[in-house]
Amino acid sequence: MRRFLLGLTCGTLACATNPATGERQFALIGEGQEIRLGRDYDQEVVATLGLYPDSGLQRYVHELGLRLARTSERPSLPWTFRVVDDPVVNAFALPGGYIYVTRGILAHFNSEAELAAVLGHEIGHVTARHSVSQISRQQLAQLGLAVGTIVSPELERYAGLASAALGVLFLKYSRDDERQADELGLRYLRRGNYDAREMADVFTMLERVSAAAGGGRVPEWLSTHPDPGNRRARIQQLVAALPPESIGTIVNRDPYLRRLQGLVFGENPRQGFFRGSEFLHPDLRFRLRFPEGWLTQNQRQAVLAASRQQDALIQLTIAPEPTADAAARAFFSRQGVSSGLPSRASINGLPAASGAFTAQTEDGRLAGYAAFVEYGGAVYRLLAYAPETRWPAYEAIALRAIRSFDRLTDRAVLEAEPWRLELVTVERAATLPDLVRRRPSPAPVATLALINQMDTAATLPAGTRLKWIV
């Protein structure tokens, strides 16, 4: 029945033979539009997630990706490979050849061949046009794209948090798509002469990261790239069936590890962090206490807290206006917003303008409170709101949160630095616990074992190179 429906769709709408898969493929989006979509979405990804500030590492990943992409069936796409400044273990592709790996996943690879395997997999999603097919089906069904966040859709839209680019990232591939991307990734890995056996180790690493979460959040890569089942075993079977001379020889373990020297590992406190319900930002030197028990999120351009029922939101952003008064006038004069005159009372001694408001949206009326605070050469916008009928239940605690915005003076927090990777060489045979006693690390032994893809009890021979967290 599925083949019949696909045939009917291809017979009545837009279908073409995909050069990478050899299959007839349904798509309402041509290559020119695909490239334009990717270019537009790329700008949103860079603005939202941010690029890792290491030009050498960016150039290395881009050049490696280009070498692999030029062996693909779509070499003329404007291929772009980027490292995003995100601690999660993830990699993803946008239409048109825009591919991203996080610094979090780079920290867990042990060789250039492993990185090439993931880049090849993501190249496979592009050459097979998997995201294009999903977007086409959503257009046909008249479904919109929305980023999966911590708030309900009506609050998300009002906050301006919905993003087409991030919506594409949250399109989950099918298991058939994943199986196909694995096969194509293996194809490009071999064309680049990389040792194809390294691809299986990537899936072992992802499984270990998932298991280390202890039933909690799985790696982002696994949440959007569902396991088609027996993934490692299947890749091993495919590699075993290859002629030995075509498996490839390049691994580049030590050269890859040297690229990671100094890489930020985990959350970077310089970009702000939560300590319980309190948000602290060392670089911008401010603090803000959100309501206890609310869901929190530190994004590149906003800090958010949502009620447990996800029906109320507190949002902190930087306003573009030069003064609190100008920012307040711009906000309270927005179409659909009703309010009285904002007051000019200070917040913890900082110049501020604030007031209550109601707003009419497509999904009904919202009520809330907005405050604009001048501090450190910027104007901070603090916005709290909920559906009008539910706002009275949240108003008092939301106002307490807004009025907690203050200067950060804790010297220990102001001087907080991120964890980084350092390369070490084992001088004499030892286990990881032995090494930690000799060379203390802020990270637990289990984390050190995870990023080195080894067991904690394993004895490491002298001369072994390891990633260490300092």
Side-chain angles (χ1 to χ4, degrees), residues 40-53 82-92 94 100-105 145-171 217 219-221 223-224 264 266-291 294-308 310 312-320 368 370-373 375-376 378-385 398 401-402 404-405 408 416 418:
D40 291 344
Y41 292 164
D42 173 68
Q43 295 175 9
E44 291 188 42
V45 169
V46 171
T48 304
L49 299 180
L51 299 182
Y52 186 66
R82 303 189 189 278
V83 181
V84 292
D85 193 2
D86 194 332
V88 303
V89 175
N90 200 12
F92 51 90
L94 291 178
Y100 312 81
V101 291
T102 62
R103 62 172 170 83
I105 200 169
L145 296 175
V147 59
T149 69
I150 60 173
V151 296
S152 58
E154 64 268 24
L155 300 186
E156 172 189 286
R157 282 192 288 272
Y158 186 74
L161 299 174
S163 163
L166 295 184
V168 172
L169 304 190
F170 283 88
L171 287 173
R217 187 178 183 184
E220 291 287 352
W221 200 82
S223 71
T224 54
V264 171
E267 298 288 347
N268 185 350
R270 305 309 306 176
Q271 296 171 355
F273 63 97
F274 283 96
R275 186 169 62 187
S277 61
E278 188 174 31
F279 182 74
L280 308 163
H281 202 302
D283 280 354
L284 300 179
R285 306 174 76 92
F286 74 80
R287 59 187 176 88
L288 179 70
R289 184 173 295 280
F290 290 102
W294 281 36
L295 305 169
T296 56
Q297 213 176 66
N298 179 21
Q299 299 181 349
R300 190 81 177 182
Q301 297 174 311
V303 184
L304 308 169
S307 61
R308 292 178 182 177
Q310 299 184 14
L313 179 72
I314 301 173
Q315 176 189 14
L316 170 68
T317 56
I318 293 180
F372 302 87
V373 184
Y375 176 57
V379 176
Y380 291 88
R381 185 183 83 162
L382 297 112
L383 191 62
Y385 56 95
I402 286 175
S404 72
F405 184 91
L408 177 61

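These numbers were taken from a predicted model, which means no experiment stands behind them.
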N298 CG to F274 CZ distance, which is reported to the nearest 0.5 Å: 6.0 Å
Could you grab the distance from atom CD1 of I105 to atom CG of N90, nearest 0.5 Å is fine? 7.0 Å
Could you measure the distance from the CD atom of E278 to the OG1 atom of T296? Nearest 0.5 Å is fine. 12.0 Å
Spacing of R287 atom CZ and F279 atom CZ [to the nearest 0.5 Å]: 13.5 Å
Heavy-atom side-chain proximity of F286 to V373 below 4.5 angstrom: no
Might you point out which heavy atoms bring A302 and Q315 nearest each other, and give the distance in Å? CB-NE2, 4.4 Å
Any side-chain heavy atom of V84 sitting closer than 4.5 Å to one from L51? yes
Do other residues, nucleotides or ligands put more than 12 heavy atoms under 6.0 Å from the CD atom of E267? no
Dump the intermediate steps for side chain to side chain contact (heavy atoms under 4.5 Å, CB included) on V83 and Y100, then the final yes or no. CA-CA 6 Å; V83 181; Y100 312 81; over 6 Å; no
Closest approach of D86 to T102 (non-hydrogen atoms, all atoms of both residues): O-CB, 3.4 Å
Taking the side chain as C-beta and beyond, is there a heavy-atom pair between H281 and V303 under 4.5 Å? no
Go through it in stages, so that I can follow the logic: the residues are V45 and F92, the test is side chain to side chain contact (heavy atoms under 4.5 Å, CB included), and I'd like the CA-CA distance, side-chain angles, deciding distance and then a yes or no. CA-CA 11 Å; V45 169; F92 51 90; 4.2 Å; yes
Can you find a heavy atom in the side chain of I314 that is under 4.5 Å from one in the side chain of L382? no
Specify the closest pair of heavy atoms between A384 and I402, including all atoms of both residues, with the distance to one decimal. CB-CD1, 3.9 Å
Side-chain donor or acceptor of R103 paired with backbone N/O of G266 under 3.5 Å: yes
Look at the aromatic rings of Y375 and F405 and report parallel, tilted or perpendicular, splitting at 30° and 60°. perpendicular
Do N268 and P87 have side-chain heavy atoms sitting under 4.5 Å apart? no
I'd like to know if the side chain of R289 and the backbone of S277 have a donor-acceptor N/O pair within less than 3.5 Å. no
One should read off an interatomic distance between Q271 CD and R300 CZ, to the nearest 0.5 angstrom, of 5.0 Å
Considering all heavy atoms of both residues, which atom of P282 and which atom of F273 are nearest to each other, and what is their separation? CG-CE2, 4.0 Å
